[in-house]
Amino acid sequence: MSSKAKKLKRGFYLRPTLEVARDLIGKYLVYRTGGRLLSARLVEVEAYIGEDDPACHAAVGRTPRNEVMYGPGGFSYVYFIYGMYYCLNIVTEVKGFPAAVLIRGAEPVDGIEIMNLNYGRTRQVRLTNGPGKLCKAFNLTRKQNNLDLTGSNLYLEDRHDRAARIKSSARIGIKKGVDKNWRFFDPDSSYVSVKR
DNA sequence: TGTTGGATCAACT
DNA sequence: GTTGATCCAACAC
């Protein structure tokens, strides 16, 4: 880990969601668990913004499930989907405005052997190219919902890499809101889940 | 109280 | 290209 690594502060997350999403590409997700350190470089994210975005969980209004999206930016939102998978989101914007960035893909950096154990892989597989796979490799579940990302357990940091190329596209796996190009990814990474 | 479908993935044909 | 695995939140009744 570079000595230049800098944890992202609250102010980073309180900005407009599309800016946060774009800026998250090339940043590092860090998770300290059981005395071990897991980290991965983010290469694919999607923005979900407000009650007027039909694909956003907040489109149905405030519920117990999406409550954390209504809080201030810089907290984790982990939800369960399809009976088998968890997805990790980064809450953005100021308190009262529901928005978040879904982490869809990342390149494993630290603790890869732990990720393999968490995944219980049956064969050689990319561990973190997909939102469900990433949570499985990091062992993130509902217990990691609503964590303060300015704390010391789960956070994001800037390791001052050279800037990545960034492309945008429609979001993946949704039926509504496909007109918006709110997905951002690094086209040079092999850990992007869907090439388009 | 019951039904339904989802911001997924892997293993098939 | 299609499907099975498998849970829970949201909504209808």
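Below, all heavy atoms of this structure are taken into account, side chains as well, without hydrogens, waters or symmetry copies. The shown structure was predicted, so the numbers you read here are calculated from the model rather than taken from an experiment. So that the names make sense, note that chain A is the first sequence line, chain B the second, and so on, each numbered from 1.
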Subject >> Euclidean distance for C1', dA10(B) against dC8(C) (whole angstrom) >> reply: 22 Å
Original post:
Among all residues two or more places apart in sequence or in another chain, which pass the side-chain hydrogen bond (donor to acceptor under 3.5 Å, both in side chains) test with Asn145(A)?
Top reply: none
Original post:
For DNA chain C, what dot-bracket results from Watson-Crick or G-U pairs at under 3.5 Å, with [ ] for crossers and | for inter-strand partners?
Top reply: |||||.||||||.
**OP:** Please list all pairs passing the salt bridge (charged side-chain N to carboxylate O under 4.0 Å, His left out) test where one or both residues lie in residues 134-151 of chain A, with sequence neighbours left out.
**Re:** Arg10(A)-Asp148(A)
Original post:
Linking Ile, Leu, Val, Met, Phe, Trp and Tyr by side-chain heavy atoms under 4.5 Å, what else ends up with Ile172(A)?
Top reply: Val194(A)
**OP:** Determine the contact category for Arg142(A): base if any of its heavy atoms lies under 4.0 Å from a base atom, sugar-phosphate if only primed atoms, P, OP1 or OP2 are that close, otherwise nothing.
**Re:** sugar-phosphate
Original post:
Is Arg41(A) close enough and on-axis enough to Tyr191(A), meaning under 6.0 Å and within 45°, for cation-pi?
Top reply: no
Subject >> Pair Gln144(A), Tyr31(A): side-chain N/O donor-acceptor within cut-off below 3.5 Å >> reply: yes
Subject >> d(OH, Tyr86(A); P, dA9(C)) in whole Å >> reply: 10 Å
Original post:
Just checking, is any N or O donor in the side chain of Tyr70(A) or Glu51(A) under 3.5 Å from an acceptor N or O on the other one?
Top reply: yes
**OP:** Scan residues 20-30 of chain A for pairs that pass side-chain hydrogen bond (donor to acceptor under 3.5 Å, both in side chains), counting only residues two or more places apart or in two chains.
**Re:** Arg15(A)-Asp23(A), Tyr28(A)-Asp161(A)
Subject >> Atom C1', compared across dG5(B) and dT3(C): separation rounded to whole Å >> reply: 16 Å
**OP:** Produce a footprint string for nucleotides 1-9 of chain B: one letter per nucleotide, 5' end first; B if the base is under 4.0 Å from any protein heavy atom, S if only the sugar-phosphate is, - if neither.
**Re:** -----BBBB
Original post:
Cut-off 3.5 Å, side chains only: do Glu107(A) and Ser189(A) have a donor facing an acceptor?
Top reply: yes
**OP:** Determine: side-chain N/O of Thr63(A) to OP1/OP2 of dA10(C), distance under 4.0 Å, yes or no.
**Re:** yes
